[in-house]
Amino acid sequence: LLPMRWILIGCFAIVAFDAVSALAAKALGFEYGGFPGIVVSTAIYAVPAFNAARGRRKARVGALVGATVALTDATIGWAVSWLIGPGAPPADFRTPDLLVLTVIMVVVLGAAVGLAAGIVARRVPRESSASL
C-alpha cells in the first residue's frame, strides 16, 4: 500500500505550483516553465518521495511517489497551466504522440528523482530529526 498522505501532499503541491506559476507568468510576463520552474517541480517530486521512502525504509516507495506526483504534474498540472494560458504548448506540438511522449518523459523523470530521494532517505536514521 502506498503512503497516500505523501502522494496527496505532493499532488496538491504540484498542481498549486503549476497554477500559481502560470498566473504569475501571465501577470508578470516571464517565461512559464523555465529553469526555476523545473527546479521547484523537481523539489516537489523529491520531498514527498523522500518522506514516504523514509517512513517505509524502501527506495522503491520513493520512486512510486515521485512518479505519481510527476504524472499529476504532466496531466492535471499541465491542464491547469494550459487553461490559464502560459502552459499551452506551441500548436505544432499538440499532437497526441508528442503529448503522450512528454507525459512519459515527465513520469520517468519523477520516478528517477523519487528513487534518488528514496535512496537518500534509506540512509537517514528514522530517529534523526533530518526530515524534509
Sidechain-backbone polar pair: R54 side chain, G118 backbone, donor-acceptor under 3.5 Å | no
Any side-chain heavy-atom pair of Y45 and V65 under 4.5 Å: no
Distance col, row L28:CG vs S21:OG, nearest 0.5 angstrom, shows 11.5 Å
Between P48 and A43 the two heavy atoms that sit nearest each other are CD-O, 4.4 Å
Of V107, L8, V47, I14, the one forming a side-chain contact (heavy atoms from CB on, under 4.5 Å) with V69 is I14
Looking only at heavy atoms, the pair that brings L98 and F93 closest together is CB-O, 3.7 Å
Smallest heavy-atom separation, P89 atom then W78 atom, equals CG-CZ2, 3.9 Å
Correct closest heavy-atom pair for R57 and R122 would be NH2-O, 2.6 Å
side-chain contact (heavy atoms from CB on, under 4.5 Å) test vs T72 passes for just one of I7, V15, D18, I44, namely V15
To the nearest 0.5 Å, atom OG1 of T75 lies from atom CG of L99 at 12.0 Å
Output for pair (C11 SG, I76 CD1), nearest 0.5 Å, gives 7.0 Å
Rounded to the nearest 0.5 Å, the CZ atom of R60 sits from the CD1 atom of I119 at a distance of 12.5 Å
In this structure, OG1 of T68 is separated from CE of M4 (nearest 0.5 Å) by 8.5 Å
Whether K26 side chain and G85 backbone form a donor-acceptor pair below 3.5 Å: no
In this structure, CZ of F17 is separated from OG of S81 (nearest 0.5 Å) by 10.0 Å
(Q) With clusters defined by side-chain heavy atoms of hydrophobic residues (ILVMFWY) lying less than 4.5 Å apart, directly or transitively, does F30 cluster with V40? (A) no
Nearest heavy-atom contact between P3 and A52 is CG-CB, 3.3 Å
